[in-house]
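What follows is one structure encoded as structure tokens, with my remarks underneath.
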There are 2 protein chains.
Amino acid sequence: MPAASEAADPNFMLSLARGLGVLRVFEGRSSLSIAEAARFSGLNRPSASRCLHTLMRLGYVREHGGRYSLTPKLLPLAAGFLTSTPLASVSQAVANGLRDRLQETVSVGALDPSDPGRIIYIARAERNQVIAAPLMVGSTLPSHCTSMGRVLLASMTNGAREQWLSGAVLESRTERTITSPDALRGELCAVAEQRWSLVEEELEIGLRSLAVPIRDRDGTTLAALNVATFSDAHSREHLIDRYLPDLRAAAGQLERAI
Amino acid sequence: MPAASEAADPNFMLSLARGLGVLRVFEGRSSLSIAEAARFSGLNRPSASRCLHTLMRLGYVREHGGRYSLTPKLLPLAAGFLTSTPLASVSQAVANGLRDRLQETVSVGALDPSDPGRIIYIARAERNQVIAAPLMVGSTLPSHCTSMGRVLLASMTNGAREQWLSGAVLESRTERTITSPDALRGELCAVAEQRWSLVEEELEIGLRSLAVPIRDRDGTTLAALNVATFSDAHSREHLIDRYLPDLRAAAGQLERAI
DNA sequence: CTCTATCCGTCCGATTATCGGACAAAAGAA
DNA sequence: TTCTTTTGTCCGATAATCGGACGGATAGAG
């Protein structure tokens, strides 16, 4: 039982959507049985089995003792996007530069095109590259409690934002997370006006981060650039006084390059 | 006109294969018109149009003035693979460690499951992280003229290797590239026995690289670990005397961790 | 050891999603 | 302008796909 409203489009290939839906179920899970894939994707057993069978023959999935897992074949697709999209490749270079300048972790993210509730990292430069980070290019985070998410949500049209807000559940990540739609709406309004967002310990206790938008020539916001710090290292004022100008400069550099 | 031999499989979803085929056409191209997508994917116009339309509704593709391009939505899929596959995540950590130890660029790669002719990078640690590298996780390279490719080809069963060799065109990248199937077969035989591969300037003039296999408990080769150097920096002997022991140690560490 | 609950592979009829040739309009290029 | 290429759409025929159902296999519980 998919959406129920996606019918009546003679140009929509349902089988393709189903197959990609099965692929998506692997996000975060290392292996799946057929029954699990069926449950998580909302398909019946035979359909899920057919999808996995097809994906296996195409080389995207492999099977071991009844359990299916992804192969590296997805990686070239992602790398193709990263290298052929100017926004992505330039973002990585700019993030590296700003990281070196500030000695802080710098990231660039965009909204998931089909779910404004989450952001996707498209570039990331870590302050301390030794640590195995829990975040990387391709990682996702909720948008309502992150500085990049706030910047991106603030850039949406009123209609789209309200539509999303009406159906969204604002998960509480810490006791400081804004979970009320009204409060979030107010905050987004301020973000839209000041053109930056500072979020303190709403995603995780101890984290403070600041983000600014990346816009194209038409003024459309394409992505957000942010710097993430530990709360006890720098004050709110320090971020705004010291880092915001550099963030803005880097954002401008990126905007000129794409 | 696809393959012509893939018919008669009642469990194969052709539409899914077609859609993924269209996605794959974007590798390396930043944007495509419908007609181009149709040409490159081997479909007719209406079919390619349907695929793009569907991919757009699913959020994997976007359209601007009649040209279609990928969205970041593919990235979480790749990141999901990297984080949920022990081989991939541990590889990155081991590569970082070996990079720090040798002060050289270290990579881990695997064969494309549906095309032994190319290898896919699943981890990479650069010696000089300032340079914007042409290679990253997800990049692909021909296997016949790379050290990782040789190691991986040497691990194939005779049957599979011969089948691939019989239909492969061994592209010449430099004047030193082995392009004769017989010569390659001989080289692979040696690689299989000595358990390492040293390739000198067959991919690009000035590059010398050394690779060793990564095997699971059953002895099946899953990937290859390599160190890449400039020819004028270190001799062939230096690589074998100095780097091979460390490469082997790192490979063993990786093998124990997965 | 038996019973039970899943899970898996498969079959097959019904349906419907999909295919692709064709046409007309639109957009460019010459 | 004229010619070429692209695009959106229609539609009948076809074949691909769906999913309920069955039987065997497996595993864990009692």
Side-chain angles (χ1 to χ4, degrees), chain A residues 1-26 29-71 114, chain B residues 1-26 29-71 114:
Chain A
M1 256 141 282
S5 69
E6 71 188 14
D9 183 345
N11 283 38
F12 189 79
M13 296 165 69
L14 201 49
S15 316
L16 175 52
R18 284 186 166 135
L20 289 171
V22 168
L23 259 193
R24 204 132 64 88
V25 160
F26 281 92
R29 279 176 266 260
S30 72
S31 80
L32 292 168
S33 69
I34 291 183
E36 288 166 345
R39 259 200 304 280
F40 296 139
S41 66
L43 299 176
N44 49 34
R45 247 75 44 82
S47 290
S49 171
R50 272 190 291 270
C51 287
L52 287 172
H53 179 85
T54 305
L55 292 170
M56 192 168 64
R57 282 207 28 188
L58 295 174
Y60 292 97
V61 155
R62 100 182 13 135
E63 179 261 354
H64 246 345
R67 309 212 42 100
Y68 295 80
S69 50
L70 296 180
T71 74
S114 49
Chain B
M1 253 143 283
S5 68
E6 70 188 13
D9 183 344
N11 284 36
F12 190 79
M13 296 164 68
L14 201 50
S15 315
L16 175 52
R18 282 185 167 138
L20 288 171
V22 169
L23 260 193
R24 203 132 63 86
V25 160
F26 281 92
R29 279 176 267 260
S30 72
S31 80
L32 293 167
S33 68
I34 291 182
E36 287 165 346
R39 259 199 305 279
F40 295 139
S41 65
L43 299 177
N44 50 35
R45 251 70 48 84
S47 290
S49 171
R50 272 190 292 271
C51 287
L52 287 172
H53 178 84
T54 304
L55 292 170
M56 192 168 63
R57 281 206 30 189
L58 295 174
Y60 293 97
V61 154
R62 101 185 9 137
E63 180 261 354
H64 249 342
R67 304 207 52 92
Y68 294 80
S69 50
L70 297 180
T71 74
S114 49

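Every heavy atom of this structure was used, including side-chain atoms; hydrogens, water molecules and symmetry mates were not. In what follows, chains are A, B, ... by sequence order, proteins preceding strands, each numbered from 1.
Listed nucleotides: D:dG8, D:dA21, C:dT18. Nearest to the side chain of A:Leu14: C:dT18. Each of C:dC7, D:dA21, C:dC19 was ranked by its minimum atom distance to the side chain of A:Met13; first place goes to C:dC19. Nearest nucleotide to the B:Arg39 side chain, out of C:dC8, C:dG20, D:dT6: D:dT6. The side chain of B:Ser15 approaches D:dT17 more closely than any other nucleotide in the set C:dG21, D:dG8, D:dT17.
In this structure, A:Glu36 places its CD atom 8 Å from P of C:dC7, rounding to the nearest Å. Look at CZ on B:Arg50: it is 7 Å from C1' on C:dG20, rounded to the nearest Å. One interatomic measurement links the two molecules: CG of B:Asn44 to C1' of D:dG8, which rounds to 14 Å at whole-angstrom precision. Per the geometry, CD1 belonging to B:Ile34 stands 19 Å off P belonging to C:dA25, to the nearest Å. One interatomic measurement links the two molecules: CZ of B:Phe12 to C1' of C:dT10, which rounds to 19 Å at whole-angstrom precision. Put simply, NE2 on A:His53 is 12 Å from C1' on C:dT10, counting in whole angstrom units. Between the CG atom of B:Leu32 and the P atom of D:dT7 there is a distance of 11 Å, given to the nearest Å. When the C1' atom of C:dC8 is taken as reference, atom NE2 of A:His64 falls 19 Å away, rounded to whole Å.
No donor-acceptor pair closer than 3.5 Å links the side chain of A:Ser31 to the backbone N or O of A:Arg67.
Under 4.0 Å is where a charged nitrogen must lie from a carboxylate oxygen, and between B:Arg29 and B:Glu36 no such pair does.
Residue contacts shown for B:Arg67 are absent, as no nucleic acid heavy atom lies under 4.0 Å away.
Between the CZ atom of A:Arg50 and the CG atom of A:Asn44 there is a distance of 7.0 Å, given to the nearest 0.5 Å. For the atom pair B:Glu63 CD and B:Ile34 CD1, the distance stands at 8.0 Å (nearest 0.5 Å).
Map A:Asn11 and A:Leu43 each onto its nearest nucleotide of DNA chain D; the residue landing nearer the 5' end is A:Asn11.
At the phosphate of C:dG20, OP1 or OP2 sits under 4.0 Å from a side-chain N or O atom of B:Arg18.
A cation-pi arrangement, defined by a distance under 6.0 Å to the six-membered ring centre and an angle within 45 degrees of its axis, is absent between A:Arg62 and A:Tyr68.
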